[in-house]
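Report on the structure given below.
First the proteins, then the strands, lettered A, B, ... as listed; each starts at 1. The shown structure was predicted, so the numbers you read here are calculated from the model rather than taken from an experiment. Worth knowing before you read on, the calculation uses all heavy atoms, side chains too, and leaves out hydrogens, waters and symmetry mates.
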Number of protein chains: 2
Amino acid sequence: MSLSAGFQPLYKQVYDLLTARLVDGYWKPSQLLPSEMLLAEELGVSQGTVRKALNQMVVEKMLQRQQGKGTFVAEYTQESDLFRFFRLREPLGEILIPETLVLSSTRRGASGDEIKKLNLDADTLVVELIRVRSIHNKPVIIEKVIQPLSVFPDIDKNTDLPNALYILYQEKYGITIMSVNDQLRAVEIPKTYAKHLDLPEGSPVLMIERNSVTIDGRVVELSTAYCSSENFVYSVTLT
Amino acid sequence: MSLSAGFQPLYKQVYDLLTARLVDGYWKPSQLLPSEMLLAEELGVSQGTVRKALNQMVVEKMLQRQQGKGTFVAEYTQESDLFRFFRLREPLGEILIPETLVLSSTRRGASGDEIKKLNLDADTLVVELIRVRSIHNKPVIIEKVIQPLSVFPDIDKNTDLPNALYILYQEKYGITIMSVNDQLRAVEIPKTYAKHLDLPEGSPVLMIERNSVTIDGRVVELSTAYCSSENFVYSVTLT
DNA sequence: GAGTGGTCTAGACCACTTC
DNA sequence: AAGTGGTCTAGACCACTCT
């Protein structure tokens, strides 16, 4: 059997092979995969083994399955999916979808910190994007996003950036963000940002530093956000 | 077969039955469960069905399994486990274990908000515990913990509270905290707390409001923490 | 009705732990 | 060697979707 050369369990080898097909773009978001039986036949393993690999990929949100229909590559085009990583809520818990305004977009060389965190070559250019996000017409977040041009060629040539950048990454660059690491601090709002959020200088704001990680484990985007927490909170459940 | 009267899948019925045994204390933390084969025989289902239920409980961190040894009720007595929900880190990511000093412990009637969040009767008494937590001998957190006496009888009679309260809840009251909901804000530190954290008045601090939830879904503890984020960050990964 | 994923079973063999 | 969980297979039947 073609997979038997490995040291890992069969279902793990199947998992790796199927995951590679997603990373390579062999299967694209929203696409229907072959049925369990067909995959089992193609790979020379039992249907139960394919099932175990597929179910693991569902747990990790790479795939979605529907009884009677089939198995699909996960897509994040629903509002609720797009804002899967957007954690600001009203204190009572309602989900809030922000509007977004781009303030600036500039190319520059990557800083040492960025080179390290994004694992870039020394001379790589990055785009620094500054946006203000508003909820109910009130500006509540100002964020700086760092995108390496080596990962997202000419991303600053796009007109009409989508509200959720991740959909652009997925549709235009075939890059799917699977997880983010957030570090939160409380700081006084930087002087230059105070006016954009309609806050007095010295106001305490949440500072959120985020690394965005792809399906294959690469950090491809950095962001730093300053969030007014007068009316909104960062809400998260730990298990 | 004794379980067949339900509408749910067999493995779900097995899951519910086994979970109930944990909630009831029929099986206690660190205890060895019967083997898959014995459970299957007792419940009149196949070994594969028991396995599916057990594995789900492992995912939810109620059980731990070890090949060759058996299946155990999860216990949280390791330092890393005790601080499973402790998210403060040095910016580079090292795990920090705080020391803890109790400032006060008082009984009082529950407030309306507490009655609602903890689902209490109107006349229930609660304990309000105020603690300072230090890292490397520097105070960084001051927290107020609300414990209903209806859930934790005479909890304020304990001398020597453990560093992690959850181990007390588990060992003395048979209550296991399975998840927490955190809401984070940035605020100016309350005047009365500034001196405890060695911070100037008006300093921005992280305010973390937490609901702690048991294995059976009840909120049994509230806490509000003010954290200096000069040298530490709240770190979390979203998937 | 045909095709999909979801459940359940039974049995074989492997890997690890303990005695 | 005996007992545990982990993997893999094969087959039956159920529930759902689409045509």
Pairs: protein N or O with nucleotides 11-17 of chain D N or O, under 3.5 Å:
| from | atom 1 | to | atom 2 | distance (Å) |
| --- | --- | --- | --- | --- |
| D/dC16 | O4' | A/Gln67 | OE1 | 2.9 |

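Across C/dG6, D/dG6, C/dT9, the shortest atom-to-atom separation from the side chain of A/Arg65 is found for C/dG6. When the nucleotides C/dG5, C/dT7, D/dT9 are ranked by their closest atom to the side chain of A/Thr71, C/dG5 comes out on top.
The CD-C1' distance, from A/Glu36 to D/dC8, rounds to 15 Å in whole Å. Distance CD (B/Glu41) to C1' (D/dG3): 15 Å, rounded to an integer number of Å. The distance between atom CG of A/Leu33 and atom C1' of C/dG3, rounded to the nearest whole Å, is 16 Å. The distance between atom CE of B/Met37 and atom C1' of D/dG6, rounded to the nearest whole Å, is 15 Å. One interatomic measurement links the two molecules: CG of B/Leu39 to C1' of C/dC8, which rounds to 17 Å at whole-angstrom precision.
Here B/Asp121 pairs with nothing under the side chain to side chain donor-acceptor pair (under 3.5 Å) rule; sequence neighbours left out. In this structure, the side chain to side chain donor-acceptor pair (under 3.5 Å) partners of A/Glu114, at least two apart in sequence or on a different chain, are A/Arg108, A/Ser111. Listed by chain and residue number, B/Phe83 satisfy the ring pair (Phe, Tyr, Trp, His ring centres under 6.0 Å) test with B/Phe86 (two or more places apart in sequence, or in another chain). Checked against side chain to side chain donor-acceptor pair (under 3.5 Å), B/Asp113 has the following partners two or more places apart in sequence or in another chain: B/Lys117. Evaluation of the ring pair (Phe, Tyr, Trp, His ring centres under 6.0 Å) rule for A/Tyr11 yields no partner, not counting sequence neighbours. Applying the ring pair (Phe, Tyr, Trp, His ring centres under 6.0 Å) criterion to B/Tyr173, with sequence neighbours excluded, gives B/Phe152.
The salt bridge (Lys or Arg N to Asp or Glu O under 4.0 Å) analysis of residues 22-41 of chain B, with sequence neighbours excluded, yields the pairs B/Glu36-B/Arg51, B/Glu36-B/Arg65.
Of the possible donor and acceptor atoms, one in the side chain of A/Gln13 sits under 3.5 Å from a partner among the backbone N and O of A/Gln8.
DNA chain C lies under 4.0 Å from at least one heavy atom of each of the following residues of residues 49-64 of chain A: A/Arg51.
At the phosphate of C/dC8, neither OP1 nor OP2 sits under 4.0 Å from any side-chain N or O atom of B/Ser46.
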